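Values below: every heavy atom of this structure, side chains too, minus hydrogens, waters and symmetry copies. First the proteins, then the strands, lettered A, B, ... as listed; each starts at 1. Model, not experiment: these values are computed from the prediction.
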Amino acid sequence: MRYSRMFIPTAKEAPKDAVIQSHILMIRAGLVKKVSSGIYALLPLGYRTVKKVEQIIREEMDRIGGNEFYLPVLIPGELWKTSHRWYDMGQELFRLSDRGEQDYVLAPTHEEVFTYIVKDHLKSYRDLPLTVYQIGLKFRDEIRPRFGVMRGKTFIMKDAYSFHPEKDDDSLHKTYSDMSGAYRRIFLRCGLETIPVAADSGAMGGSQSEEFMVSAAIGEEEIVRCPDCGYVANTEKATCRLEEITYEDTGKLTLVETPNVKTIDDLSDFLGIGPDRLIKTLCYKTSDGEYVLALIRGDLEVHETKLKNYLGVSDIEKAKGEEALSKLKIPMGFAGPVGVRGARIVADKSVGMMKGCVTGANRLDYHYKNVNAGRDFVPERYIDIRVVGDGDSCPECGGRLFSFRGIELGHIFKLGDKYSRAFGVTYLDEGGETKVPLMGCYGIGVERTVAAVIEQNHDKDGIIWPMSVSPFHVHLLPVKYDGDMKEAAELLYTELSESGVEVLIDDREERAGVKFNDADLIGIPFRVTIGGKSLAEGEVELKVRASGESKRIAVKNAASVLQNMVRKELDRYGADGHFEGSAQ
RNA sequence: CGGGCUAUAGCGCAGUUUGGUAGCGCGCACGGUUCGGGACCGUGAGGUCGUGAGUUCAAAUCUCACUAGCCCGACCA
């Protein structure tokens with residue numbers, strides 16, 4: 001491609017709403033343009049990279065037997081009512097209706113459509129297992145779009161679904177681990193180091209689930225890892241060993257006056273007791289309108305996602321002060337589990353052994369002391385709802401966990417039969433009996449992957465593309481697009497292009513400095529400078545964007561040398577040595 | 001949705017306190033000099049000052065309402 005003909009709006013300064021490097025660089029290098037909050041247009045350079053990532057995904061999906069589809073994004077609401085997600089999903093689902101007032105959704109994922117299609121054609125156990133996928137646009141009415149392309153209202157996602165014989169967990173597990181392997185290769189081929197993390201399955205339902213994370217300070221996920229045994233988990237799911245604390249029965253329940261002492265810290269100071277002797281009581285309201293008291297040891301925090309998952313509701317929120325008072329007669333700051341009516345009581349495991357402790361008395365300015373769990377109150381269950389973080393003990397080996405932040409690029413789930421059952425998907429088994437298949441689902445955020453590549457591969461001057469996803473392989477830079485330099489550059493351009501190397505030639509009549517800076521910003525792995533002096537000596541100059549190394553090559557060999565270097569570099573990112581030639 | 005903030009030329013910003021009819025840098029166009037790391041000189045184009053109402057002789061500036069966007073939190077690929 002010729003730079004002068006290509007739409008590449010580079011900029012010295014990025015708009016102030018870009019706060020992370022990948023976002024700033026995507027805008028400055030002319031990869032994307034914001035159309036509205038959370039909605040981005042891919043410009044030619046950005047789209048080239050996106051297509052390469054898609055192609056890598058496609059190759060890896062096909063390798064494990066995936067069938068690629070192209071599905072509509074406008075979906076009849078009927079399908080979503082069948083799966084019940086029309087009602088469950090809440091406001092992030094874009095809903096609309098046509099002139100006949102038929103309901104539609106803009107698909108945020110494609111379980112419904114794929115299940116609908118498979119239902120009609122799946123007849124026999126011989127058709128299983130089946131893996132289908134597509135790469136396409138998704139819509140989510142995100143509450144807060146963020147970080148450019150990282151979290152948008154529209155985004156490209158690869159989503160795959162697998163179908164397996166009923167109760168055949170081995171078959172499901174086989175595809176699940178094939179996916180896990182494919183995901184590792186995909187990210188590796190994109191030049192990314194990802195960390196597979198045990199995760200929460202969230203609203204999707206299902207059992208096992210694994211997220212593919214890239215470590216990044218701006219990541220939206222918090223992950224804990226044990227350096228000793230390698231345990232890794234999203235904090236939505238992570239557990240830890242319970243600290244050994246000795247509690248003693250201190251006698252019978254006693255009311256104690258605690259005027260205006262509302263927080264754990266204040267209470268701890270006021271009574272001169274450590275926070276691990278206090279039971280924190282948080283009052284939640286579920287999306288079903290139920291009230292729940294969540295109990296946890298005073299020095300710990302409740303993880304709302306864990307609590308929500310246990311309760312099996314789509315959302316929870318802290319109950320408003322007035323509401324807790326009027327509905328449950330619980331004054332804010334003095335809440336406790338003793339004698340409460342009208343609310344479920346759920347306790348973290350840390351509360352299970354607590355004796356001789358302090359809780360709110362549900363009476364303004366009073367707490368109870370000498371509280372024993374099990375005696376003075378009985379929660380419906382002791383479960384793990386605590387926030388696990390730095391310094392907690394690894395549940396596997398007891399080592400000290402540390403936490404870090406990550407960006408979620410992919411997520412794989414075992415779904416079970418929720419969707420197949422809802423849609424009435426069945427097949428006949430060997431014995432001629434009707435069965436319901438198990439399902440798995442597997443997603444990758446495409447633009448987000450591109451953003452992560454930039455996040456991990458850039459310097460102060462711009463992007464440093466891995467060859468596998470770079471919009472071009474070689475950037476030809478004639479210092480002057482005129483005379484001998486122009487001629488040599490054009491010749492090299494033709495030779496390289498004909499041999500399958502993707503070349504961007506900077507044929508603009510710009511000053512050298514401008515061209516160099518744009519080249520660094522755009523970040524194509526190999527830059528070849530065709531300058532007056534070296535050309536007079538029959539040479540051109542190769543600069544490797546990543547290392548900054550440069551060397552001279554004889555003009556007459558340049559095409560073949562570059563061709564080999566590009567090939568070698570592409571092979572480095574090939575998976576298992578199977579990678580063949582250019583990513584296009 | 002809760003908390004914080006912003007809105008003036010394509011981008012980055014000043015001007016708002018104390019009302020007087022809009023400016024700087026980058027970018028863009030033209031001319032000239034320059035020409036291997038974002039050159040210089042000159043000329044020029046480009047603005048409903050987020051929207052609407054109000055106060056006033058006069059509003060980017062003061063008042064009210066609204067809208068959009070950004071940051072922190074809850075949701076997700």
Side-chain angles (χ1 to χ4, degrees), chain A residues 9-20 23-24 27-28 33-34 36-39 57 89-93 108-110 135-160 183 199-204 209 211-214 218 220-221 234 236 284 287 303-305 307-308 314-318 320 407-413 441-452 461-462 477-482 485 509-521 527 529-535 540-541 543 550:
Chain A
T10 58
K12 281 190 200 171
E13 288 174 296
K16 61 176 177 181
D17 57 8
V19 292
I20 62 167
H23 187 194
I24 291 170
I27 291 172
R28 286 194 51 216
K33 165 77 181 169
K34 182 164 86 170
S36 156
S37 177
I39 304 177
I57 293 173
M89 202 139 158
Q91 295 193 306
E92 69 173 352
L93 183 63
T109 67
H110 278 82
I135 299 172
L137 202 56
K138 304 288 188 249
F139 298 80
R140 283 187 200 170
D141 192 354
E142 286 293 339
I143 303 165
R144 182 150 94 84
R146 216 190 311 211
F147 298 148
V149 110
M150 200 73 94
R151 168 180 225 74
K153 287 182 170 161
T154 74
F155 56 98
I156 301 168
M157 180 163 98
K158 183 286 299 181
D159 50 328
Y183 274 39
D200 163 43
S201 333
M204 307 295 296
S209 126
E211 290 170 332
F212 289 77
M213 296 280 189
V214 179
I218 52 95
E220 301 186 39
E221 304 293 331
N234 193 307
E236 291 173 350
Y284 287 95
S287 45
H303 199 294
E304 297 189 358
T305 305
L307 177 61
K308 193 181 82 181
S314 60
D315 204 9
I316 58 171
E317 58 176 2
K318 287 211 176 79
K320 302 255 182 300
I407 301 165
E408 180 183 357
L409 298 183
H411 202 158
I412 61 179
F413 298 86
C441 90
Y442 319 90
I444 292 179
V446 176
E447 295 108 318
R448 181 178 281 193
T449 300
V450 171
D461 297 319
L477 197 155
V479 167
K480 265 191 215 160
Y481 191 67
D482 192 29
M485 284 179 261
E509 290 180 15
E510 283 288 354
R511 297 172 60 84
V514 172
K515 294 184 175 187
F516 285 134
N517 280 303
D518 276 338
D520 288 343
L521 180 59
R527 185 187 85 195
T529 307
I530 296 106
K533 277 186 205 154
S534 49
L535 192 62
V540 293
E541 197 176 296
K543 186 164 184 188
S550 68

Practice task
Give none if U61(B) has no partner; otherwise give the nucleotide forming a Watson-Crick or G-U wobble pair with it, both distances under 3.5 Å.
Solution key: none
Contacts under 3.5 Å, N or O only, protein and nucleotides 43-48 of chain B:
none

Exercise for the section: Please name all residues satisfying side-chain contact (heavy atoms from CB on, under 4.5 Å) with Glu541(A), sequence neighbours left out, ordered by chain then number. Expected result: Thr529(A)
Practice task
If a protein heavy atom is under 4.0 Å from the base, mark B; if only from the sugar-phosphate, S; if neither, -; do that for nucleotides 33-42 of chain B going 5' to 3'.
Solution key: -BSBBBB---
Problem - All side chain to side chain donor-acceptor pair (under 3.5 Å) counterparts of Asp461(A), not counting sequence neighbours - result: none
Practice task
Any strand is fair game: report the nucleotide pairing with U67(B) by Watson-Crick or G-U wobble, both distances under 3.5 Å, or none.
Solution key: A7(B)
Handout entry: Residue list, ring pair (Phe, Tyr, Trp, His ring centres under 6.0 Å) with His110(A), at least two apart or on another chain
Key = none
Handout entry: Pairwise C1' distance, A22(B) and A59(B) [rounded to whole Å]
Key = 13 Å
Exercise for the section: Would you mind pulling out the nucleotide paired to U21(B), Watson-Crick or G-U wobble, both distances under 3.5 Å? Expected result: none
Practice task
To the nearest Å, give me how far apart CD (Glu221(A)) and C1' (A77(B)) are.
Solution key: 10 Å
Problem - Pairing nucleotide - G36(B), Watson-Crick or G-U, each distance under 3.5 Å - result: none
Handout entry: Verdict with reasoning, Arg527(A) to Asp520(A), per side chain to side chain contact (heavy atoms under 4.5 Å, CB included)
Key = CA-CA 9 Å; Arg527(A) 185 187 85 195; Asp520(A) 288 343; 3.7 Å; yes
Exercise for the section: Taking atom C1' in both G38(B) and G27(B), compute the distance separating them and give it to the nearest angstrom. Expected result: 11 Å
Handout entry: A74(B) to U55(B) separation - P atoms, rounded to the nearest Å
Key = 46 Å
Problem - Non-neighbouring partners of Ala160(A) that pass side-chain contact (heavy atoms from CB on, under 4.5 Å), sequence neighbours left out - result: Met61(A), Tyr133(A), Lys158(A), Met179(A), Tyr442(A)
Problem - Nearest-Å distance for atom pair CZ/P, residues Phe139(A) and A77(B) - result: 17 Å
Fill in the blank from the handout: Pairing partner of U55(B), by Watson-Crick or G-U wobble and under 3.5 Å for both distances, is none
Practice task
Please list, chain by chain and in numerical order, all residues satisfying side chain to side chain donor-acceptor pair (under 3.5 Å) with Arg448(A), sequence neighbours excluded.
Solution key: none
Handout entry: Inter-nucleotide P distance (G54(B), G15(B)), Å rounded
Key = 29 Å
Completion exercise
d(Leu409(A) CG, Met213(A) CE) to nearest 0.5 Å is 9.0 Å
Handout entry: Lys480(A): salt bridge (charged side-chain N to carboxylate O under 4.0 Å, His left out) partners, not counting sequence neighbours
Key = none
Practice task
Evaluate the side chain to side chain contact (heavy atoms under 4.5 Å, CB included) criterion for residues Ile407(A) and Met150(A): first the C-alpha distance (whole Å), next the side-chain angles of each, then the deciding distance (0.1 Å), finally the verdict.
Solution key: CA-CA 9 Å; Ile407(A) 301 165; Met150(A) 200 73 94; 3.5 Å; yes
Practice task
Could you give the distance separating G42(B) and U17(B) at their P atoms, to the nearest angstrom?
Solution key: 34 Å
Exercise for the section: Give one of base, sugar-phosphate or nothing for Glu408(A), where a contact means two heavy atoms less than 4.0 Å apart. Expected result: sugar-phosphate
Completion exercise
For G47(B), the nucleotide meeting Watson-Crick or G-U wobble distances (both under 3.5 Å) is none
Exercise for the section: Provide the Watson-Crick or G-U wobble partner of A74(B), both distances under 3.5 Å; none if there is no partner. Expected result: none
Problem - Separation between CG of Asn234(A) and CD of Glu408(A), rounded to the nearest 0.5 Å - result: 7.5 Å
Handout entry: Partner residues of Arg151(A) under the side chain to side chain donor-acceptor pair (under 3.5 Å) criterion, sequence neighbours left out
Key = Glu142(A), Glu220(A)
Practice task
Specify the separation, in whole Å, of atom OH of Tyr442(A) and atom C1' of A77(B).
Solution key: 16 Å
Handout entry: Pairwise P distance, C66(B) and A9(B) [rounded to whole Å]
Key = 25 Å
Practice task
Rounded to whole angstrom, note down the C1' distance from A39(B) over to U6(B).
Solution key: 35 Å
Practice task
Give the B/S/- string for nucleotides 70-75 of chain B, one per nucleotide from 5' to 3', where a protein heavy atom under 4.0 Å of the base yields B, of only the sugar-phosphate yields S, and otherwise -.
Solution key: SBBBBB
Exercise for the section: Would you mind telling me which residue lines up with the more 5' stretch of RNA chain B, Pro15(A) or Gly410(A), judged by nearest nucleotide? Expected result: Pro15(A)
Handout entry: Nearest-angstrom distance, P atom, G46(B) to A58(B)
Key = 28 Å
Problem - Gap between atoms NZ and P, on Lys158(A) and A77(B) respectively (whole Å) - result: 12 Å
Handout entry: Under the ring pair (Phe, Tyr, Trp, His ring centres under 6.0 Å) test, residues paired with Tyr183(A) that sit two or more places apart
Key = Phe212(A)
Problem - Any residue meeting side chain to side chain donor-acceptor pair (under 3.5 Å) with Glu510(A), in chain and number order, not counting sequence neighbours - result: none
